[in-house]
Student: 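The structure that follows is given in the form of structure tokens.
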Amino acid sequence: MNKSIFDITYRTVLAVIMTVVVTAAYAGDSSPAYNFLNIPSSTTSYGLGGINITNIYDDVNNIDQNPALLGPEYHHQIGLNYMHYVGGSNFGGARFAMRGSERSAWAAGIQYFGYGNIQGADAEGNFTDTFSPKDLTVNVMYSHDITDRLRGGINLKWVYSNYEQYTAMALATDLGINYYDPDHDLSLSVVVANLGGQIKRFNEEYDRLPVDVRLGWAQSFGSLPLRFSVTAWNLTKWSLPYYHTGDNTTELGLKQSFGSNLFRHLIFGVDYIASSNFHIGIGYNYKTRTDMSTYHRSFLSGLSLGMGIKAGRFGVGAAVAQPHTGATTFMVNLSMALSDFTN
């Protein structure tokens, strides 16, 4: 690595570290709204526990949580996603990527979050018309290869919300950096997610975005067809207490031990990679499981399963999870390389 490239890499990494420090100081006491921004649109991410910022795949849907995973290799790829979520909610979106140069790429996307029909009521409890709350994000991504193994990216998001007669708008930014060593299938990432704020409020109260700092590691070992990943998230706040009922009691207790806080920050995933065209992943999200501790969670709560198949220019992915007994969520991804039609 020559001196100029080293200087660029050093300044980039230093800038990311400073952003992490400032973000943690800013967001540590926030009361975030807009938590739909943390819902994945990638079956890879969802199958590996809900958040994954490191795994490398030939699928443009995979870049949803880390703009540094975008690259020229996704030239003219289009991705579609759909998710049936809890409570009759349905989400969907599309994404398109193209090469900017040999070392850069652009992408644009739209994501819709619909929460079904809700019965309206006035302040006295009298029923009014039903309404359909919804959220919408429109985003533009850019990435650049800093070195052969280090890539940085930025994702700019315009956010619109409509809940009955109330509307709000916000602007958000994701900053990401990824180091990938193909010789050892080692991927390391840092992401600062959802920096920004409201530009139009629902009412007089200002709602903060769910700003987050995330670290990720993914790697396979030797000829073993397994890739292991660990993602640390919610790093702007250490203490993540939760209420639980305990055993054989309906009394609520607050749990906030060191071990509980630690594992509520971590998401674990394992991918079985049978070939470059087929993989199956399983994830475990301890926070999801403990968040459901006061509900009728199932044995599967916190676990998720995903898979991906690629055939020629087409790719299909699917993922499923069951946060609690009354909610089974399902996601599907489709991808297509449009450039293959012109070759």
Student: For F228 and Q219, what are the C-alpha separation, side-chain angles and deciding distance, and is it a side chain to side chain contact (heavy atoms under 4.5 Å, CB included)?
Tutor: CA-CA 5 Å; F228 302 90; Q219 187 174 9; over 6 Å; no
Student: So, for F91 and Y82, is the gap between ring centers shorter than 6.0 Å?
Tutor: no
Student: For V60, does its backbone N or O pair with a side-chain atom of Q77 as donor and acceptor, under 3.5 Å?
Tutor: yes
Student: Within the distance-only criterion (no hydrogens, no angle test), does the side chain of N90 pair as donor or acceptor with the backbone N or O of G88 below 3.5 angstrom?
Tutor: yes
Student: Listed by chain and number, what are the side chain to side chain donor-acceptor pair (under 3.5 Å) partners of N333, not counting sequence neighbours?
Tutor: T43
Student: Should L171 and I154 be regarded as members of a common hydrophobic cluster, given that ILVMFWY residues are connected when their side-chain heavy atoms come within less than 4.5 Å of each other, either directly or indirectly?
Tutor: no
Student: Under 3.5 Å, is there a donor-acceptor pair between the side chain of H76 and the main chain of A337?
Tutor: no
Student: Applying side chain to side chain donor-acceptor pair (under 3.5 Å), can you list everything that pairs with S42, at least two apart in sequence or on another chain?
Tutor: none
Student: With clusters defined by side-chain heavy atoms of hydrophobic residues (ILVMFWY) lying less than 4.5 Å apart, directly or transitively, does L175 cluster with I63?
Tutor: no
Student: Are W217 and Y179 near enough that their ring centres are under 6.0 Å apart?
Tutor: no
Student: Say whether T44 and N55, considering side chains only, have a donor N or O and an acceptor N or O under 3.5 Å apart.
Tutor: no
Student: Of all residues at least two apart in sequence or in a different chain, which pass the side chain to side chain contact (heavy atoms under 4.5 Å, CB included) check with P241?
Tutor: S239, L254, Q256
Student: Compute whether any side-chain donor of one residue and acceptor of the other, for D135 and Y115, lie under 3.5 angstrom apart.
Tutor: yes
Student: Search all heavy atoms of Y46 against all heavy atoms of A321 and return the closest pair with its distance.
Tutor: OH-CB, 3.6 Å
Student: Under the 3.5 angstrom rule, does the side chain of S143 hit a backbone N or O of L70 as a donor-acceptor pair?
Tutor: yes
Student: Backbone N or O of N194 within a donor-acceptor pair of the D174 side chain at under 3.5 Å?
Tutor: yes
Student: Between T290 (side chain only) and Y286 (backbone N and O only), is there a donor and an acceptor less than 3.5 Å apart?
Tutor: yes
Student: Would you check if the distance from the ring center of Y284 to the ring center of F268 is below 6.0 Å?
Tutor: no
Student: So, does D212 use its side chain to make a donor-acceptor pair with the main chain of L235 at under 3.5 Å?
Tutor: yes
Student: Side chains of S45 and N52: donor-acceptor distance under 3.5 Å anywhere?
Tutor: no
Student: Taking N285 for its side chain and G49 for its backbone only, find out whether a donor-acceptor pair lies under 3.5 Å.
Tutor: yes
Student: Is there a donor-acceptor contact under 3.5 Å linking the side chains of K310 and S276?
Tutor: no
Student: We want to know whether T137 and Q111 form a side-chain donor-acceptor pair, criterion being a heavy-atom distance below 3.5 angstrom.
Tutor: no
Student: Please check if the side chain of H279 supplies one atom and the backbone of M307 the other of a donor-acceptor pair under 3.5 Å.
Tutor: no
Student: Give me the atom names and distance for the closest heavy-atom approach of D64 to S41.
Tutor: OD2-N, 2.8 Å
Student: Looking at every non-hydrogen atom in both residues, tell me the closest pair between L48 and I267 and how far apart they are.
Tutor: O-CG2, 3.4 Å
Student: Any chance OH of Y166 has more than 12 other-residue heavy atoms, nucleotides or ligands included, within less than 6.0 Å?
Tutor: no
Student: Can you label the angle between the Y142 ring and the H144 ring as parallel, tilted or perpendicular, going by 30° and 60°?
Tutor: parallel
Student: Who are the salt bridge (charged side-chain N to carboxylate O under 4.0 Å, His left out) partners of E73, not counting sequence neighbours?
Tutor: R151
Student: Can you name the residues that form a side chain to side chain contact (heavy atoms under 4.5 Å, CB included) with I56, not counting sequence neighbours?
Tutor: L69, N178, Y180, S187
Student: So which atom in D145 and which in P72 form the shortest heavy-atom distance, rounded to 0.1 Å?
Tutor: OD2-CD, 4.4 Å
Student: Do N61 and S335 get their side chains close enough for a donor-acceptor pair, meaning under 3.5 Å?
Tutor: no
Student: For Y206 and G197, which heavy atoms make the closest approach, and how far apart are they?
Tutor: OH-CA, 3.3 Å
Student: So, the side chain of K200 versus the backbone of T167: is there a donor-acceptor pair under 3.5 Å, distance only?
Tutor: yes
Student: The test is salt bridge (charged side-chain N to carboxylate O under 4.0 Å, His left out); show your working for R227 and D185 and say whether it passes.
Tutor: CA-CA 8 Å; R227 179 185 293 152; D185 193 29; 3.1 Å; yes
Student: Verify the distance criterion only: is there a donor paired with an acceptor across the side chains of S257 and S260 at less than 3.5 Å?
Tutor: no
Student: Please step through side chain to side chain contact (heavy atoms under 4.5 Å, CB included) for the pair I39 and F113, ending with a clear verdict.
Tutor: CA-CA 10 Å; I39 297 175; F113 303 84; 4.3 Å; yes
Student: Show me the pairs that pass salt bridge (charged side-chain N to carboxylate O under 4.0 Å, His left out) and involve residues 86-107, at least two apart or across chains.
Tutor: R103-D148
